[in-house]
Amino acid sequence: MRRKPGALLPVELAILGAALESGADAEFYGYAIARQMQAGDASRLLTSHGTLYKALDRLVKAGLLTSRWEDAQVAADEERPRRRLYRLTAAGGSALRQAERAAASASAALVEGFQAL
């Protein structure tokens, strides 16, 4: 089954939701989002870190997230590798809200269908 153009996968929606929970203007990095997702309901969506980073790349390419490499000196001062930092865009927030509204509408229609029986 192929994905409809513009449709987001559950892991992508979970990433956008976790990004929004981090703060609308907050930057985050992959491992932090993975830990946040694993602590919540989205833990089953992460089969590997490759799944996460491929989804992050798709979201950046779609304009729903922005990314940049952190300053090398910050990483050196903390004696760790550099991180790629991500930030939710306005389009990403809109896409998440639209998906949430669609899910709510589908749930309401399902309930109405059961009540009509």
Side-chain angles (χ1 to χ4, degrees):
M1 182 166 157
R2 293 181 88 60
R3 178 171 32 163
K4 294 178 186 176
L8 296 172
L9 297 174
V11 69
E12 295 166 340
L13 290 171
I15 291 168
L16 293 176
L20 190 59
E21 286 177 20
S22 296
D25 289 329
E27 287 186 313
F28 59 91
Y29 55 98
Y31 184 71
I33 283 293
R35 291 193 56 150
Q36 187 175 349
M37 289 173 65
Q38 287 172 337
D41 294 336
S43 62
R44 67 192 185 321
L45 299 174
L46 291 178
T47 56
S48 71
H49 286 294
T51 303
L52 173 72
Y53 290 104
K54 287 177 184 177
L56 285 167
D57 187 51
R58 286 191 304 267
L59 292 169
V60 168
K61 288 179 180 175
L64 305 179
L65 295 176
T66 60
S67 72
R68 68 175 182 88
W69 284 101
E70 76 176 336
D71 184 355
Q73 189 59 49
V74 171
D77 290 346
E78 294 180 12
E79 298 179 354
R80 59 168 175 75
R82 283 177 45 189
R83 296 172 175 156
R84 180 172 286 283
L85 302 173
Y86 299 90
R87 184 182 303 235
L88 184 67
T89 64
S94 294
L96 180 61
R97 286 187 296 278
Q98 182 180 358
E100 289 171 343
R101 282 192 301 271
S105 294
S107 294
L110 185 62
V111 168
E112 287 177 18
F114 278 121
Q115 289 174 345
L117 295 176

On a heavy-atom basis, which atom in [X] and which in [Y] lie closest, and how many Å separate them?
X	Y	result
Ala14	Met37	CB-CE, 3.6 Å
Tyr29	Tyr86	CA-CD1, 4.4 Å
Leu16	Gly92	CD1-O, 3.9 Å
Leu88	Leu64	CD1-O, 3.7 Å
Ala55	Val11	CB-CG1, 4.0 Å
Leu52	Gly30	CD2-O, 3.2 Å

Point to revise | Cluster link Val60 to Tyr53, ILVMFWY, side chain under 4.5 Å | key: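 The answer is yes; both residues are in one hydrophobic cluster.
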Check your understanding: Under the side chain to side chain donor-acceptor pair (under 3.5 Å) test, which residues partner Ser22, sequence neighbours left out?
Key ->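 Once residues adjacent in sequence are excluded, the partners of Ser22 under the side chain to side chain donor-acceptor pair (under 3.5 Å) criterion are Gln36.
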Check your understanding: Does the side chain of Arg84 come within less than 4.5 Å of Leu56's, by heavy atoms?
Key -> no
Check your understanding: Salt-bridged, Arg82 to Glu70, with N to O below 4.0 Å?
Key ->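 Judged by the 4.0 Å cut-off on N to carboxylate O distance, Arg82 and Glu70 do not form a salt bridge.
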Quick one: pull up [atom1] in [X] and [atom2] in [Y] and give me the separation to the nearest 0.5 Å.
X	Y	atom1	atom2	value
Ile15	Leu96	CD1	CG	11.5 Å
Leu85	Leu65	CG	CG	12.0 Å
Phe28	Arg87	CZ	CZ	10.0 Å

Exercise for review: Spell out, as yes or no, whether a donor-acceptor pair under 3.5 Å connects the side chain of Arg97 to the backbone of Gly93.
Suggested key: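 Yes, because the side chain of Arg97 sits within donor-acceptor range (under 3.5 Å) of the backbone of Gly93.
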Point to revise | Trace of the side chain to side chain contact (heavy atoms under 4.5 Å, CB included) decision for Arg68 with Glu27 | key: CA-CA 10 Å; Arg68 68 175 182 88; Glu27 287 186 313; 2.8 Å; yes
